[in-house]
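Notes follow once the structure below has been shown.
Note that ligands are numbered from 1 as they come in the structure, with each ligand's atoms numbered from 1 the same way.
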Amino acid sequence: MDSFGALLPRLVTEVPGPGSRALASRLRRVESRNVTFLADDFPVFWEEARGANVRDADGNVFVDLTGAFGVALLGHGPPEVVDAVARQSRRLIHGMGDVHPPSAKVRLLEALVALLPWPDGRVILGTSGSEAVEAALKTARLASGRPGVVAFEGGYHGLTVGSLAVTARTTFRKPVLERLYPGVAHLPFPREEGVPGAADHNRPDAVLEALDHRLARGTDDGPVGTLIIEPIQARGGVRILPRDFGRALTERARAHGVVVVADEIYTGLGRCGAVLASPEVGLDPDVVCLGKVLGGGLPLSACVAPRRIMDAWPPSGGEALHTSTFLGHPLACAAGEAVLARVAGDLPERAEAVGAALMRGLTARLADAVAAERVDVRGRGLLVGVELLDEHGSGRPGAGVAAAQRLLERGFLALPAGDTGAVLELSPPAVLTSAQVDAAVDAVAEAVSGVGA
Ligand SMILES: Cc1ncc(COP(=O)(O)O)c(C=O)c1O
């Protein structure tokens with residue numbers, strides 16, 4: 001019999017059950033109202049998680065197709081991370097990251113640099129993805145000597161004010177629009193002919209023309225020194241950068257002395273079947289941002305660049321110019337070291353294999369809807385998007401949200417993605433069993449057809 005972690009869904013109450021509902025009404029009284037979406041049928045409150053399973057406050061067992069925002073690629077509570085954190089917690093829970101650093105930080109950074117393309121790589125650690133993005137933007141500003149930034153529509157880089165300036169979605173930006181710094185130009189994310197949402201303005205050659213124009217003219221705050229891009233937009237709707245575009249973009253950036261920052265916070269460290277997703281889409285970045293998978297469930301992120309870029313920062317004269325209280329946190333570093341050992345091992349291949357099985361199942365089960373252009377299924381490794389389309393081939397607003405809700409009611413956790421919520425985003429743990437993959441395929445196909453595809 002399968003144990004918790006490898007189970008299929010087991011619902012013992014309605015979803016959400018009375019336990020989750022009671023927690024929702026307590027939360028409503030103490031949390032700022034914008035943070036957690038609370039409704040009669042949402043959310044479930046988590047009590048326990050292992051492998052690909054989550055148990056909620058009512059004892060319902062779910063299969064997690066989100067990886068909890070893409071973090072749990074090794075599964076929830078991976079034994080090697082649990083052990084590393086337990087060992088570390090008996091010795092040193094908190095250190096002084098940039099003053100008297102924990103030895104765990106050195107081991108983590110050595111493991112990280114050994115995995116990345118730059119033998120002379122240098123790292124700035126952080127605790128969240130947004131922080132890694134901010135470190136990268138500062139680094140690129142220093143290295144290029146120029147203030148302007150090019151980012152892309154649909155891009156998600158975080159919600160702290162510094163990272164929000166490059167995140168594209170208007171709903172996130174609007175409440176603090178006048179606080180966001182100038183000098184950021186958003187270009188359309190290139191869409192090849194035949195993919196959903198393809199239009200004249202986002203044809204790869206049209207976007208390259210817009211990029212040329214930007215590089216020549218600069219931004220409202222001066223010349224462009226930084227370009228930030230996700231090799232695959234994850235929260236933007238699992239939109240994959242066309243490879244020729246990635247190559248052309250890298251070439252143009254090099255020619256203009258622009259620092260290319262690849263935001264691989266979602267895509268990196270095995271998620272898409274390789275240590276980095278950038279090479280696959282033709283990108284050759286100067287700076288890479290990592291997070292999510294890195295901490296194995298603990299908050300940990302990193303901005304990594306070769307020395308030629310990172311040494312734009314002056315040596316520390318005793319006061320770091322970019323640091324924080326929890327930088328190099330010993331528990332997170334110990335967890336990260338355990339994760340990186342797996343990333344250097346079989347994790348990317350495992351993500352590739354499980355992702356291929358998931359993709360095969362979905363394309364077979366949804367073949368009619370795909371042929372009728374009501375659905376588009378795409379992805380790399382274990383980052384998969386199922387987009388629900390209208391009669392014009394554009395994403396159907398809210399359809400991914402509705403499909404995710406149907407999945408929840410059947411015991412599968414999934415998230416919507418894309419600016420209008422037209423995409424169902426799947427980024428499950430690589431420990432999904434084949435029975436869980438098959439059940440997920442059935443459930444996703446049912447949810448997608450249940451919302452009219
Ligand atoms: C590509 C990308 N960059 C940055 C972030 C922000 O990371 P965090 O939420 O940890 O600040 C995210 C989060 O989803 C992301 O997907």
Please check if the side chain of Glu134 supplies one atom and the backbone of Gly162 the other of a donor-acceptor pair under 3.5 Å.
yes
Could you tell me whether the side chain of Asp221 and the main chain of Gly183 form a donor-acceptor pair under 3.5 Å?
no
Residues in side chain to side chain donor-acceptor pair (under 3.5 Å) contact with Asn202, at least two apart in sequence or another chain
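Testing Asn202 for side chain to side chain donor-acceptor pair (under 3.5 Å), a comparison that skips the adjacent residues, returns none.
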Ala234 versus Ala417, closest heavy-atom pair with distance
O-CB, 3.8 Å
Between Phe69 and Tyr266, does the ring centroid distance fall short of 6.0 Å?
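No, the ring centres sit 6.0 Å or more apart.
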Pair Phe37 + Phe42: ring centers closer than 6.0 Å
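Ring centres of Phe42 and Phe37 closer than 6.0 Å.
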Check ligand 1 for N or O atoms under 3.5 Å from a protein N or O and list each pair with its distance.
{"from": "ligand 1", "atom 1": "3 (N)", "to": "Tyr156", "atom 2": "O", "distance (Å)": "3.2"}
{"from": "ligand 1", "atom 1": "3 (N)", "to": "Asp263", "atom 2": "OD1", "distance (Å)": "3.2"}
{"from": "ligand 1", "atom 1": "3 (N)", "to": "Asp263", "atom 2": "OD2", "distance (Å)": "2.6"}
{"from": "ligand 1", "atom 1": "10 (O)", "to": "Gly129", "atom 2": "N", "distance (Å)": "2.8"}
{"from": "ligand 1", "atom 1": "11 (O)", "to": "Gly129", "atom 2": "N", "distance (Å)": "3.4"}
{"from": "ligand 1", "atom 1": "11 (O)", "to": "Ser130", "atom 2": "N", "distance (Å)": "2.8"}
{"from": "ligand 1", "atom 1": "11 (O)", "to": "Ser130", "atom 2": "OG", "distance (Å)": "2.5"}
{"from": "ligand 1", "atom 1": "14 (O)", "to": "Lys292", "atom 2": "NZ", "distance (Å)": "2.9"}

